[in-house]
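All values below were derived from every heavy atom in this structure, side-chain atoms included, with hydrogens, water molecules and symmetry-related copies excluded. Here is how names work: the chains are called A, B, and so on, in the same order as the sequence lines, proteins then strands, and each is numbered from 1.
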There are 2 protein chains.
Amino acid sequence: MLSQKAKYALKAMIALATQDDGELLQAADIAERQNVPRKFLELILLELRKNGLVRSQRGKLGGYALAKPADTITFGQIIRIMDGPLAPIPCASLTGYRRCADCRDEKACAVRKTMREVRDAAAAILDGMTLADATGTDAAALKAAIGA
Amino acid sequence: MLSQKAKYALKAMIALATQDDGELLQAADIAERQNVPRKFLELILLELRKNGLVRSQRGKLGGYALAKPADTITFGQIIRIMDGPLAPIPCASLTGYRRCADCRDEKACAVRKTMREVRDAAAAILDGMTLADATGTDAAALKAAIGA
DNA sequence: TTAAACACTACTAATTTGATGGACAAAATA
DNA sequence: TATTTTGTCCATCAAATTAGTAGTGTTTAA
C-alpha cells in the first residue's frame with residue numbers, strides 16, 4: 001500500500017511540475033489546491049528537499065520549486081523516498097534487500113521469485129513515469145502543441 | 001508490502017500443494033517445515049478454510065488439505081484474503097474501490113491512473129500464478145515428466 | 001522592525017501487525 | 001469409555017507504523 005504521505009508527495013510534486021520554470025509555490029498554496037494538511041505537507045516537502053528533488057526559499061515570498069527538470073523526476077524516486085523499496089517483500093528488493101528470517105532456501109523460494117516479478121513490473125511502470133508525463137507538459141508534448 | 005501473514009499463508013499453501021491428493025498435513029508439520037510460528041499459522045489456516053481454499057479435519061490424525069485442485073488456486077486469491085486488495089491505493093482497486101477523501105477530480109488524477117497500471121500488472125502476475133505453478137506439479141508438467 | 005514564509009524538533013492518538021495463551025470440541029484408539 | 005491428539009475460537013498484548021499536530025526557531029522581503 002502507498003502511504004498517505006507518498007500520495008501527498010506525488011500530488012505536491014505534480015503541482016510543482018505545473019509551475020513555470022523557476023516559479024515558487026508555497027506550501028499553503030499546495031496544501032489548499034491539493035487538499036492536504038498543511039503542516040504534514042511541510043514535513044513531506046522538507047524530506048523531498050533533503051533528497052534533492054525540491055529546492056526551497058525561505059522568508060517572505062518564499063516557497064518551493066522542483067530542483068530538476070520534470071522529465072527527470074519519476075514516481076519511483078518519490079515513492080522510494082517516502083515509503084521505501086517498491087518490492088512487496090524485502091527479499092525481492094533491489095534497493096533494500098533483506099533476507100527473510102524464516103527462509104530455508106532462498107534460491108528455490110517461489111514466493112520470492114513471484115514477488116520479484118511483481119517488483120520488476122511495478123518498477124518498470126513507476127520508474128518510467130515522470131512528472132512531465134503526469135502533467136503532460138514535457139518537451140515533446142510542448143513541441144507538438146507548438147507544431148514544431 | 002506483503003504482510004508476514006500473507007507470506008506465511010503462501011508458504012503454507014505451497015506446502016499443502018506438494019501433498020498427494022487427499023493427504024492431510026498438520027499445522028505443526030507445516031509450521032516446522034516452513035519455519036512459521038505454530039499458533040499464528042493456525043489462525044491463518046482457519047481464515048483460509050473460512051474462505052474455502054482449505055479443508056480441515058479435527059481430532060487425532062487430523063490436519064489440513066487444499067479444498068480445490070492446486071491449479072485453481074492463485075497467489076492473488078490468497079493475498080487478497082490475507083491482506084486485502086492488490087492495488088497500491090484504494091481508488092485504484094477493482095475489488096475494494098474507495099474514493100480518496102482529498103481527491104478533487106478522480107478522472108484526471110495521474111496518481112490514480114498510474115496506480116491502476118501498477119495494480120493491473122501485479123494482478124496479471126499474481127492471478128496468473130497458481131499453486132501448481134509454484135510447486136511445478138501441475139498436470140502439464142506431470143504429463144511432460146511422464147513423457148505423455 | 002515586522003510579517004510571512006520555511007526548518008526543525010517533539011509529541012501523540014489511533015491503528016495495524018505479529019504474535020501468544022488457554023479453554024473447548026471433535027475424533028481416533030486403547 | 002477414557003485418553004490423547006488435533007483443530008476451533010476467543011481474548012489479550014507489545015511493538016511498530018501511520019497520520020498527523022504543535023510550537024519554536026530562522027530567514028527574508030518590504
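Atom CG of B/Leu25 is separated from atom C1' of D/dG7 by 14 Å (rounded to the nearest Å). Between the C1' atom of C/dG18 and the CG atom of B/Leu2 lies a distance of 14 Å, rounded to the nearest Å. Rounded to a whole Å, the CG atom of B/Asp29 is 8 Å from the P atom of D/dT6. Protein atom CG of B/Asp102 is 11 Å distant from nucleotide atom P of D/dA19, rounded to whole Å. In this structure, NZ of B/Lys60 is placed 10 Å from C1' of D/dT6, rounded to the nearest angstrom. The nearest whole Å value for the distance from the CD1 atom in A/Ile30 to the C1' atom in C/dC6 is 12 Å.
Between A/Ser56 and C/dA5 there is no side-chain polar atom (N or O) within less than 4.0 angstrom of OP1 or OP2. In terms of phosphate contacts, A/Gln26 brings a side-chain nitrogen or oxygen within less than 4.0 Å of OP1 or OP2 of C/dA5. In terms of phosphate contacts, A/Tyr8 brings no side-chain nitrogen or oxygen within less than 4.0 Å of OP1 or OP2 of D/dA19. Close to C/dA5, at under 4.0 Å from its OP1 or OP2, lies no side-chain N or O of A/Arg38. One finds a side-chain N or O of A/Lys50 lying less than 4.0 angstrom from the OP1 or OP2 phosphate oxygen of C/dC8. For B/Gln4, a side-chain nitrogen or oxygen approaches OP1 or OP2 of C/dA19 to under 4.0 Å.
Between A/Asp133 and B/Thr114, the closest side-chain pair of non-hydrogen atoms is not below 4.5 Å. Here the side chains of B/Ile125 and B/Phe75 are not in contact, with every heavy-atom distance at 4.5 Å or above. Between B/Arg49 and B/Leu45 there is no side-chain heavy-atom pair separated by less than 4.5 Å. Within the 4.5 Å cutoff, the side chain of A/Leu2 has heavy atoms near those of the A/Leu10 side chain. Annotation: side chain of B/Arg55 is in contact with side chain of B/Leu24 (closest heavy-atom distance under 4.5 Å). Proximity of A/Met13 to A/Leu66: side-chain heavy atoms (C-beta onward) are separated by under 4.5 Å at one or more points. Using a 4.5 Å cut-off on side-chain heavy atoms (C-beta onward), A/Leu16 and A/Leu131 make no contact.
At most 12 heavy atoms of other shown residues, nucleotides or ligands fall within 6.0 angstrom of atom CG in B/Asp21. Counting non-hydrogen atoms of neighbouring residues, nucleotides and ligands closer than 6.0 angstrom, the CZ atom of A/Arg98 reaches no more than 12 such neighbours. By the 6.0 Å contact criterion, CD on B/Glu32 is open, its count of non-hydrogen atoms from other residues, nucleotides or ligands being 12 or less.
Using a 4.0 Å heavy-atom criterion, one finds that A/Ala27 contacts the sugar-phosphate atoms exclusively.
For the contact set between residues 40-48 of chain A and DNA chain D, defined by any heavy atom under 4.0 Å, the members are A/Phe40, A/Leu43. Proximity of residues 72-91 of chain A to DNA chain D (heavy atom under 4.0 angstrom from any strand atom) is not detected for any residue.
Among D/dA29, D/dT8, C/dC6, the nucleotide with an atom closest to any side-chain atom of B/Tyr64 is D/dT8. Distance from the side chain of A/Lys39 is smallest for D/dG23 among the nucleotides D/dG23, D/dT4, C/dG22. Candidate nucleotides C/dC6, D/dG20, D/dA19 were compared by shortest atom distance to the side chain of A/Pro37, and D/dG20 ranks first. Closest to the A/Arg49 side chain, of the nucleotides C/dA7, D/dT8, D/dA29, is C/dA7. Comparing C/dA28, D/dG7, C/dG21 by their closest approach to the side chain of B/Leu61 singles out C/dA28.
You won't find any donor-acceptor pair under 3.5 Å spanning the side chain of A/Arg58 and the base of D/dT28, going by distance alone.
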